[in-house]
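None of these values were measured; they are calculated from a predicted model. Lettering follows sequence order; numbering is per chain, from 1.
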Protein chains: 2
Amino acid sequence: MKINKEINCTECENQCDIFDIIKTQNDLLNKVKPIHVTFKKNDIICKQGNTVTHGIYIVSGTAKLYIEGLNNRNIILYILKPHNYVGLLSFFETPRYFYSVVALEQCKVCMVDVQFIKQLYRDNHLFLCRLNEAFGKSVASIMQKIITLNQKNIRGRFADSLLYLSQLNKNLSFNLILTRKELGELCAISEENIVRLLAEFKNEKIIDVQKKQITILDETLLRKISEVG
Amino acid sequence: MKINKEINCTECENQCDIFDIIKTQNDLLNKVKPIHVTFKKNDIICKQGNTVTHGIYIVSGTAKLYIEGLNNRNIILYILKPHNYVGLLSFFETPRYFYSVVALEQCKVCMVDVQFIKQLYRDNHLFLCRLNEAFGKSVASIMQKIITLNQKNIRGRFADSLLYLSQLNKNLSFNLILTRKELGELCAISEENIVRLLAEFKNEKIIDVQKKQITILDETLLRKISEVG
DNA sequence: ACAAAAAGTTGATTTAAAACAATGTTAGAT
DNA sequence: ATCTAACATTGTTTTAAATCAACTTTTTGT
């Protein structure tokens, strides 16, 4: 982790939602003191159980957001990409993160003191509304995740995750940034079975696998499998 | 389902959070047109997939909130009691419920047109803040549920649900309002295994079971089981 | 009061997926 | 350039929990 510098929002190359709000008010622009921080691969961006100190905005890179479960077994809930916020879900209910975020590759993030965020949503109705929308999206996807993890067999869960990753990369062919183990944590499947499923789906000509490069060959079938397992 | 009457908030015997807000403004008091509705046991209060038309507040009785999963298998997320809101989670993201609510016993609910609720949170900052807090609580408990359902064995999940029900009833001894099947849907366990677990825990003197009356005899042990399975 | 349906119980069987074990491959550190 | 640790793969075994099947008890509607 390397702190780059305290940055001025107006000169930031990657202007975020928060800036959208604060640029309308000079006093806010002077008050916000965002810092840009670079994290290396595997660096912990925030840790489950720790106090929420900053609102964190992903400027570049990719990170995994996961819950640390029992016996050191994790469940990855989402992959975070630029323009995502970290910490959204933890702002209101608890002063502590109930999940961890770790960089999957070098990540540049913008950090804004949580007190400033809180002030903003206390004072600024539009901001709270925006926060809420993003909040709602997260909840909907978590609900879906409960069903998926609980009621689909491993083929169905695996198909789901492939579709998710493809959609995240906006491409049927994508570079898998996760290890086999992490892919397992995304769909709650053991590492060994992930390897077997990759081979199985490749055999069935549903996907192509070349090391970390995955290509979905038959999206329709994949959607079918996601539904019926 | 029986519509009682359009009721006036000021004369309501069970004043809710929404009233707290609107009583401060006369124009709101005139605009809100809440209706009280009584549902019989097993009546559907709201149905997954349907349009969200009302904010629903539980005035009396008990209901189950569940996601309808695959192959007609449900997962009960919470049991709703008086002073809970239904629909909270669905307000922002989608115009449709992503879960269903069914009365477990006769339920009286107060329904407020969703347009009014939306107006309220668009105009009223305090109201949106309150909504947010409740929202946050829900998310935290759903996160917990993901871990529980996914990583605990059936003994652990079962112990969890017993503790949840005890806490809900604010008593170590409580009348189980759920059927064995529904208790299964609460912890994602088959009906048969629920029966076996009830007998098992009774044998181990952790709980007492007399038909629908369940008494937790050894809460400490139950918490231990909830942790380690 | 009675039939029918729903709920509850118990034992035997099956199965999906994890765990175990062993080994090959790759990438990063010195 | 080589050593080491992390990552990936494959076959075998185990196991936890669901499913199946058969039966009893309770509740509900007429």
(message) Counting only side-chain heavy atoms from C-beta out, which of C/dT10, D/dA18, C/dA17 sits nearest to B/Ser190?
(response) D/dA18
(message) Between C1' on D/dA8 and CD1 on A/Ile194, what's the gap in Å once rounded to a whole number?
(response) 12 Å
(request) In whole angstrom, give the distance that lies between atom CZ of A/Phe158 and atom P of C/dA16. (result) 18 Å
(message) Can you tell me whether the side chain of A/Glu192 and the base of C/dC20 have a donor-acceptor pair closer than 3.5 Å?
(response) yes
(request) Kindly say if B/Lys212 contacts the phosphate of C/dA7, meaning a side-chain N or O under 4.0 Å from OP1 or OP2. (result) no
(request) Indicate the ring-plane relationship of B/Phe158 and B/Phe201, choosing parallel, tilted or perpendicular according to the 30° and 60° boundaries. (result) perpendicular
(request) Would you mind reading off the distance between A/Lys211 atom NZ and C/dG24 atom P, rounded to a whole angstrom? (result) 17 Å
(request) Using a strict 4.0 Å threshold on nitrogen-to-oxygen distance, state whether A/Glu185 and A/Lys181 make a salt bridge. (result) yes
(request) Would you indicate whether A/Lys212, at its atom NZ, is surrounded by more than 12 heavy atoms from other residues, nucleotides or ligands within a distance under 6.0 Å? (result) yes
(request) Specify the separation, in whole Å, of atom CG of A/Leu149 and atom C1' of C/dA17. (result) 14 Å
(request) Please tell me which of A/Arg157 and B/Thr179 maps to the more 5' nucleotide of DNA chain C, matching each residue to the nucleotide holding its nearest heavy atom. (result) B/Thr179
(message) If I take atom CG in residue A/Leu197 and atom P in nucleotide D/dG11, what distance separates them, rounded to the nearest angstrom?
(response) 15 Å
(request) Say whether B/Gln213 and B/Ser173, considering side chains only, have a donor N or O and an acceptor N or O under 3.5 Å apart. (result) yes
(message) For a quick check, tell me whether the side chain of A/Arg180 and the base of C/dT25 share a donor-acceptor pair closer than 3.5 Å.
(response) no
(request) Taking the side chain as every heavy atom from C-beta outward, state whether B/Val102 and B/Lys47 have any atom pair closer than 4.5 Å. (result) no
(message) Nearest whole Å is fine: how far is C/dG28 C1' from A/Lys40 NZ?
(response) 13 Å
(request) Let me know the distance between CD of A/Glu191 and P of D/dT10, rounded to the nearest Å. (result) 13 Å
(message) With a 4.0 Å cutoff (strictly under), does any side-chain N or O of B/Asn193 reach OP1 or OP2 of D/dA18?
(response) yes
(request) Report yes or no: is there a donor-acceptor pair, N or O only, under 3.5 Å between the side chain of B/Arg196 and the base of C/dG8? (result) no
(message) Please compare B/Ile154 and B/Lys41 by the position of their nearest nucleotide in DNA chain D and report the one closer to 5'.
(response) B/Ile154
(request) Find the distance B/Ile189:CD1 to D/dT19:P and express it as a whole number of Å. (result) 13 Å
